[in-house]
Peer 1: 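Sharing a structure below in structure tokens format, with a few things to ask.
The basis for the numbers below is simple: all heavy atoms, side chains too, and nothing from hydrogens, waters or symmetry mates. For ligands, and for the atoms within them, numbers begin at 1 and follow the listed sequence. Everything quoted here is computed from the prediction, not taken from an experiment.
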Amino acid sequence: MVIQDFERIFQEKIDNEIKIEPKDWMPEAYRKTNIRQISQHAHSEVVGMLPEGNWISRAPSLKRKAILIAKVQDEAGHGLYLYSSAETLGTSRDEMINDLHSGKAKYSSIFNYPSLSWADMGAIGWLVDGAAILNQVMLCRTSYGPYARAMVRICKEESFHQRQGFETLLVLSKGTKEQKDMCQDAINRWWWPSLMMFGPKDSESTNSDQSMKWKIKRKTNDELRQQFVDMIAEQIKLLGMRLPDNKLQWNEERKHYDFGEINWDEFWNVVKGNGPCNKQRLAARNKAHEEGSWVRKAAKVYADKKLKHKKEKIA
Ligand code: FAQ
């Protein structure tokens, strides 16, 4: 077979909604963009543990603490599924982790903002997990098999995360004046960064066109962002709070909510490493990695020993 035959078979699979699997032939650019997106996604899950981890020791009750610990653990699990999925494309876990720790690899801009109050745990669950789910539901149909299958499992957990976030805010929204103010303040601070999670406008998205053609992405950044605004603009009514956007208004003609302009300078500034917590997040990841080196060494010695015993048994 010549290269054109491989390309034709690959394209036929994409056209017929047949998943691309690790041992299938694929264009190098398809492999690369999947490694890029999946590893960035994995890093986001892992770095995303930090703003929430900050509140485990200060959760207001044992029940809230147990829920938060479970949620943070889920994010670690998501990171692991995703790293494994990226590894099937020929990259190594060490390579991906090194790229994160050296600051070379990207992760979601949202995790470079500080979590300042207990209400932030509610806002992260409701808004950040809410944005993450919309994106991930579409990724359950992504064309690369191991990524799509990881997403199915992750989405089940994320929908629990979003509901717990909403419930946390609902309790605060019915509380004292201080609790209501704390709830509104958290929504004010997390709203715009949540909209940025969907990435740049379609007209400025460098990867979207090709990723849509390969069915890696099934909806564009702007389509998903609009879906998110429409969903949250309705849900906030139940909280009796408001979104910090004077331009937010139902547009009967479009059958969507109109909303104000995102501060794209702020977005790119955060993506380039200059957000409020970028340096702090990378320092925390590097420290955790260094402190965990004895665990990795011990696990390797154990694995080597087991392999040796197995070989001796066979011999
Ligand atoms: N932050 O051409 P596009 C979560 C970069 S998981 C930083 O539009 P693409 C769970 C982009 O990489 C949240 N960088 O890119 C959780 C590209 O640069 P590159 C993460 C961003 O890939 C909840 C450049 O800008 N979810 O939250 C961002 O087609 C609570 C041009 O952009 C995923 O990763 C950004 N927000 O579309 C955990 C989902 N946006 O790589 C704990 C999978 C864009 O060329 C607590 N990823 N950039 O150098 C995706 O769906 C896509 O990668 C997009 C971006 C939609 C994020």
Peer 1: Using a plain distance cutoff, I'd like to know if Ser44 has any nitrogen or oxygen under 3.5 Å from a nitrogen or oxygen of ligand 1.
Peer 2: no
Peer 1: Report the distance from atom CH2 of Trp126 to atom CD1 of Ile236, rounding to the nearest 0.5 Å.
Peer 2: 4.0 Å
Peer 1: For residues Pro146 and Glu21, report the shortest heavy-atom separation together with the two atoms involved.
Peer 2: CD-OE1, 3.7 Å
Peer 1: Run the side chain to side chain contact (heavy atoms under 4.5 Å, CB included) check on Thr220 and Glu223 step by step: do they pass?
Peer 2: CA-CA 5 Å; Thr220 70; Glu223 280 169 346; 3.4 Å; yes
Peer 1: Mind checking whether His41 contacts ligand 1 via backbone (N, CA, C, O), side chain (CB onward), both or neither, at a 4.0 Å heavy-atom cut-off?
Peer 2: both
Peer 1: Can you check whether Glu45 has an N/O within less than 3.5 Å of an N/O in ligand 1?
Peer 2: no
Peer 1: Under 4.0 Å from a heavy atom of Gln40: give me the atoms of ligand 1 that qualify, with their elements.
Peer 2: 12 (O), 41 (O)
Peer 1: Any Lys/Arg nitrogen of Lys213 or Asp209 sitting under 4.0 Å from an Asp/Glu carboxylate oxygen of the other?
Peer 2: no
Peer 1: Any N or O on Ser205 sitting closer than 3.5 Å to an N or O of ligand 1?
Peer 2: yes
Peer 1: With heavy atoms only and a cut-off of under 4.0 Å, state how Arg36 meets ligand 1: side chain, backbone, both or neither.
Peer 2: side chain
Peer 1: Could you list the atoms of ligand 1 found under 4.0 angstrom from a heavy atom of Thr206?
Peer 2: 2 (O), 31 (C)
Peer 1: Look at atom 36 (N) of ligand 1 and say which protein heavy atom is nearest, naming residue and atom and giving the distance to 0.1 Å.
Peer 2: Ser109 OG, 3.1 Å
Peer 1: Heavy-atom contact check, 4.0 Å cutoff: does Lys71 meet ligand 1?
Peer 2: yes
Peer 1: Which residue holds the protein heavy atom closest to atom 19 (P) of ligand 1, what is that atom called, and what is the gap in Å?
Peer 2: Lys106 NZ, 3.6 Å
Peer 1: Going by the order shown, which atoms of ligand 1 are within less than 4.0 Å of some heavy atom of Glu158?
Peer 2: 10 (C)
Peer 1: Of all the atoms in ligand 1, which lie at a distance below 4.0 Å from a heavy atom belonging to Leu139?
Peer 2: 43 (C)
Peer 1: Give a yes or no on whether a salt bridge exists between Lys13 and Asp24, defined as a side-chain N under 4.0 angstrom from a carboxylate O.
Peer 2: yes
Peer 1: Do ligand 1 and Ser211 have nitrogen or oxygen atoms that lie under 3.5 Å from each other?
Peer 2: no
Peer 1: Walk me through it: do Arg153 and Glu157 pass the test salt bridge (charged side-chain N to carboxylate O under 4.0 Å, His left out)?
Peer 2: CA-CA 7 Å; Arg153 217 167 143 171; Glu157 292 175 354; 5.3 Å; no
Peer 1: Out of all atoms in ligand 1, which are within 4.0 Å of some heavy atom of Gly199? Include the element for each.
Peer 2: 40 (N), 44 (C)
Peer 1: Should the proximity of Tyr107 to ligand 1, defined as any heavy atom under 4.0 Å, be assigned to the side chain, the backbone, both, or neither?
Peer 2: backbone
Peer 1: Ligand 1 and Trp268, any nitrogen or oxygen pair closer than 3.5 angstrom?
Peer 2: no
Peer 1: Can we say Arg218 and Glu17 salt-bridge, meaning some charged N sits less than 4.0 Å from an Asp/Glu carboxylate O?
Peer 2: yes
Peer 1: Below 4.0 angstrom, N of the basic side chain to O of the carboxylate: do Glu75 and Lys71 qualify?
Peer 2: yes
Peer 1: Is it true that Asp185 and Arg189 make a salt bridge, defined as a side-chain N closer than 4.0 Å to a carboxylate O?
Peer 2: yes
Peer 1: Is the contact between Val271 and ligand 1 made by the side chain, the backbone, both, or neither, using heavy atoms and a 4.0 Å cut-off?
Peer 2: side chain
Peer 1: How are the rings of Trp214 and Phe10 set to each other: parallel, tilted or perpendicular (split at 30° and 60°)?
Peer 2: perpendicular
Peer 1: Check each atom of ligand 1 against the heavy atoms of Ala132 and keep those under 4.0 Å away; list them by number with element.
Peer 2: 4 (C), 27 (O)
Peer 1: By number and element, which atoms of ligand 1 are closer than 4.0 Å to a non-hydrogen atom of Met196?
Peer 2: 36 (N)
Peer 1: Evaluate Asp129 for polar contact with ligand 1, using N/O atom pairs at a separation under 3.5 Å.
Peer 2: no
Peer 1: Measure from atom 37 (O) of ligand 1 to every heavy atom in Lys217, Arg218, Lys272, His161 and give the option owning the shortest one.
Peer 2: Lys217
Peer 1: Would you say Glu52 and ligand 1 have an N/O pair spaced under 3.5 Å apart?
Peer 2: no
Peer 1: Any carboxylate oxygen within less than 4.0 angstrom of a Lys/Arg side-chain nitrogen, looking at Lys287 and Glu290?
Peer 2: no
Peer 1: Taking 4.0 angstrom as the limit and counting only heavy atoms of Phe198, give me the atoms of ligand 1 inside it, by number and element.
Peer 2: 56 (C)
Peer 1: Carefully, step by step, assess Ile38 and Tyr83 under the rule side chain to side chain contact (heavy atoms under 4.5 Å, CB included).
Peer 2: CA-CA 7 Å; Ile38 302 170; Tyr83 282 128; over 6 Å; no
Peer 1: So which protein heavy atom does atom 15 (O) of ligand 1 come closest to, and at what separation?
Peer 2: Asn207 ND2, 3.3 Å
Peer 1: Mind checking whether Asn221 contacts ligand 1 via backbone (N, CA, C, O), side chain (CB onward), both or neither, at a 4.0 Å heavy-atom cut-off?
Peer 2: side chain
Peer 1: With a 4.0 Å heavy-atom cut-off (strictly under), which part of Glu75 contacts ligand 1: side chain, backbone, both or neither?
Peer 2: side chain
Peer 1: Flag the pair Lys201 and Glu261 as a salt bridge only when some basic side-chain nitrogen lies within less than 4.0 angstrom of an acidic carboxylate oxygen.
Peer 2: yes
Peer 1: Determine yes or no for a side-chain-to-main-chain donor-acceptor pair under 3.5 angstrom, with Arg281 supplying the side chain and Tyr113 the backbone.
Peer 2: yes
Peer 1: Looking at the rings of Trp250 and Phe259, which for Trp means the six-membered one, are their centres under 6.0 Å apart?
Peer 2: no
Peer 1: Just need the protein heavy atom nearest to atom 39 (C) of ligand 1, so name the residue and atom and give the distance.
Peer 2: Asn135 OD1, 3.2 Å
Peer 1: Quick one: do Glu167 and Arg64 make a salt bridge, cutoff under 4.0 Å?
Peer 2: yes
